[in-house]
Asker: 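Before I ask anything, here is the structure I am working with.
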Amino acid sequence: MLEWIGAACFMVLMAILWPVVKCFGAESHSTLLLPRRERKRSAERCDSKPEGQGESDALALICKPSALANYLLKHCMSFCKSLSIPKWNWRMSSSLQTVFGALWPFDCPVHFIRDHLQLSDDGLVALDWAVVGAAHYKRRRTSSNSTSPVLLIIPNSFGKITRNVLKLCEAALSHGYLPVIFNRRSQNGTPLCTVKLQQFGDPTDLREAVRYIRYRQPAGQIYAVSESTGSGLLLSYLGECGSSSYVTAAACLSPVFRCQSWFESGPTWPFHWALVLYQKICLSRYKTVLGELVHTDSLFSSCSLKAMEEALFCHSGLKGTTEGAGSWETYWERNDPLRDIDEVAIPVLCVCSQDDPIRGEPQATLPLELFESNPHFFLLLTAHGGHCGFSTSDEGPIVWSHQAVLEFFRATTDFFAAEERAKLVARRRGLSGAGKTFRHRSVSTCKRLPVCSHNIHAIYNWQRSYTR
């Protein structure tokens, strides 16, 4: 019901503002807003456009030239399929795209079976396994002998399960994946069993969840997709764990990269107000218990995302505890998603639009130098699509961005399988070591002392990791 009310309010608002958006917004995003000097540097760009499409449908793959980049351009059809959106269509509005992807009701055939995972500090996170049809009435345990790949989905940091996430689960199931949604402490109905909330970029809970998934599905590869601000958690995990992440490839849909400045400036006012209100509603359920840790009066009187984050994590000596204490700058030294970005050891695709009203202007919010210098990162940049929207006028059962992500996973898997076969052939011919290959390190054998140990049997037993 709340989704319908929210969607209706935004539709009325945007219907009033639509003439202004059409006149002033469309022209400002008619071409890819990359500086000319940046575009001439070592970046791959897909210029293939169907006949009849103009610059308003432009699509670019920005990355460091490599064998993998060439393979992706050749085998990922979505990378060269521009978003077809007529100028008169409502999808040209980034705000309507964003509301559609987040709040628009969706009759989803996917159902979820929840596993509650008890963590080392007795906290709880939830893993929601997606199933289709009548199978959800039966208690489902994933087979340890299954070779089906697992798709770990990390929703936005506010815990809202959006239409975009549900559509992704549906698309993943149709492609043979086992989708599972990671729910943080206290979010999406997960009980808050300890007086502790997860900080923005703290990957400790996610690390234990990946260990558990690895334990349950040892024969299946793990892929990860994050949505919106949830990308901060995924990038923090991949950077901190490095070659020990046990993730084969990852993707971020409409990620927010410069998170500290994003919290300080906030998105445009309607979305900023909606996010603050939604977070207050979710936290109000735990107002009494949170009173032991923070000043709830300051928390619930906050008018910005920064003020709420500071009230939760950045005040020292609150209620006799120092956990999470420190200044705003210190907090982001520990939680900035890009702090260990050079340690990421797997291919990561980031799908972004230039007219994203949540992330902000691309010149200030997209770290183009990262994609042009790091061979593990790929930026698929569109002119339109909003924030986690990417709806097109000729859209089929699968959203364009989801199709691009699934093609990326398939192509990277095929590429590295071909690399391994080539190495095997070269080894047999006595030519091992010849040639230069893409460095792919998804198996935890490259570090003597990895940051995160995966000794699952020393961590889990069925008394601590339980389900209902």
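All residue numbers in this chain count up from 1 along the given sequence.
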Asker: Do the side chains of Val351 and Phe378 get nearer than 4.5 Å, heavy atoms only?
Answerer: no
Asker: When you compare the side chains of His387 and Ser228, does any donor N or O come within less than 3.5 Å of an acceptor on the partner?
Answerer: yes
Asker: Is the distance from the ring center of Tyr278 to that of Phe158 below 6.0 Å?
Answerer: no
Asker: Under 3.5 Å, sequence neighbours excluded: what are the donor-acceptor pairs made by side chains of residues 168-176?
Answerer:
from	atom 1	to	atom 2	distance (Å)
Ser174	OG	Ala171	O	2.6
His175	ND1	Ala171	O	2.9

Asker: Hey, is Asp336 close enough to Arg339 for a salt bridge, meaning N to O under 4.0 Å?
Answerer: no
Asker: Can you see which heavy atom on Met92 is nearest to which on Asp355, and at what distance?
Answerer: O-OD2, 4.3 Å
Asker: Quick one: are the ring centres of Trp262 and Phe257 less than 6.0 Å apart?
Answerer: no
Asker: Please identify each residue that fulfils side-chain hydrogen bond (donor to acceptor under 3.5 Å, both in side chains) with Trp328, with sequence neighbours left out.
Answerer: Glu264
Asker: Can you confirm whether Asp340 sits close enough to Leu238 that some side-chain heavy atom of one is under 4.5 Å from a side-chain heavy atom of the other?
Answerer: no
Asker: Do Ser391 and Arg91 pair up side chain to side chain, a donor and an acceptor below 3.5 Å, judged on atom types alone?
Answerer: yes
Asker: Sequence neighbours left out, what passes salt bridge (Lys or Arg N to Asp or Glu O under 4.0 Å) with Arg185? Give chain and number order.
Answerer: Asp121, Asp205
Asker: Answer with yes or no whether the side chains of Tyr212 and Arg216 bring together a donor and an acceptor at under 3.5 Å.
Answerer: yes
